[in-house]
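As the structure is a prediction and not an experimental result, all values here were calculated from the model. Position 1 is the first residue of the sequence; numbering continues from there.
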Amino acid sequence: MPEQTIVENPLLTERFPIQFDAIKAEHVVPAIELLLQQMKNRLADLGKPGVPRTYENVLLGLDRLTEPLDFAMNRSEEHTSELQSHHDL
């Protein structure tokens with residue numbers, strides 16, 4: 001499967017209003033894999049020597065780690081629910 005760019009995958013860009021019609025099933029796995037890798041990289045960066053151990057750097061940094069993944073997961077779940085409701089009609 002060819003790699004998708006951020007522009008091509010609507011789950012990788014927080015855009016409002018959300019363009020549910022642009023989300024396809026094939027976007028979910030590549031987006032989640034990329035976002036998980038990005039989270040791992042940012043987590044490793046937080047633990048590097050020389051990073052000040054402050055509330056903002058550590059606690060807020062940890063809190064922000066999941067924001068892109070939360071966005072993608074929520075959009076894919078909403079999209080799946082919408083598709084299911086149309087299927088049930």
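Counting only distance, with no hydrogens or angles, the side chain of Ser76 and the backbone of Met73 share a donor-acceptor pair below 3.5 Å. A donor-acceptor contact shorter than 3.5 Å is absent between the side chain of Asp63 and the backbone of Leu59. Side-chain atoms of Thr54 come within 3.5 Å of backbone atoms of Asn57 as a donor-acceptor pair (strictly under, hydrogens ignored).
Side-chain contact check for Leu62 versus Leu43: some heavy-atom pair is nearer than 4.5 Å. Contact annotation: the side chain of Pro68 approaches that of Arg42 to within less than 4.5 Å [non-hydrogen atoms, C-beta and beyond]. Considering only heavy atoms from C-beta on, Arg53 comes within 4.5 Å of Val51 through its side chain.
Around CD of Gln37, the count of heavy atoms belonging to other residues, nucleotides or ligands within 6.0 Å exceeds 12.
To the nearest 0.5 Å, the span separating CG on Leu11 from CZ on Arg75 amounts to 9.0 Å. Remark: Lys24 NZ to Glu8 CD distance equals 13.5 Å, nearest 0.5 Å. Distance check, rounded to the nearest 0.5 Å: CG of Leu12 to CD of Gln38 gives 7.5 Å. Going from atom CG of Leu34 over to atom CG of Leu69 covers 10.5 Å, rounded to the nearest 0.5 Å.
Ile32 and Leu65 fall into different hydrophobic clusters, where Ile, Leu, Val, Met, Phe, Trp and Tyr residues are linked whenever their side-chain heavy atoms come under 4.5 Å apart, directly or through other members. One hydrophobic cluster holds both Val28 and Phe20 under the rule that ILVMFWY side chains link at heavy-atom gaps under 4.5 Å. Leu60 and Val58 fall into different hydrophobic clusters, where Ile, Leu, Val, Met, Phe, Trp and Tyr residues are linked whenever their side-chain heavy atoms come under 4.5 Å apart, directly or through other members. Criterion: ILVMFWY side-chain heavy atoms under 4.5 Å apart, direct or through other members. Under it, Val29 and Leu35 are not part of a common hydrophobic cluster.
In terms of heavy-atom proximity, Arg64 sits nearest to Glu56 at NH1-O, 4.2 Å. Heavy-atom minimum distance, Ala22 versus Pro10: O-CG, 3.4 Å.
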Determine, stepwise, if the pair Glu33 / Leu36 fulfils side chain to side chain contact (heavy atoms under 4.5 Å, CB included). CA-CA 5 Å; Glu33 288 176 346; Leu36 285 171; 5.9 Å; no

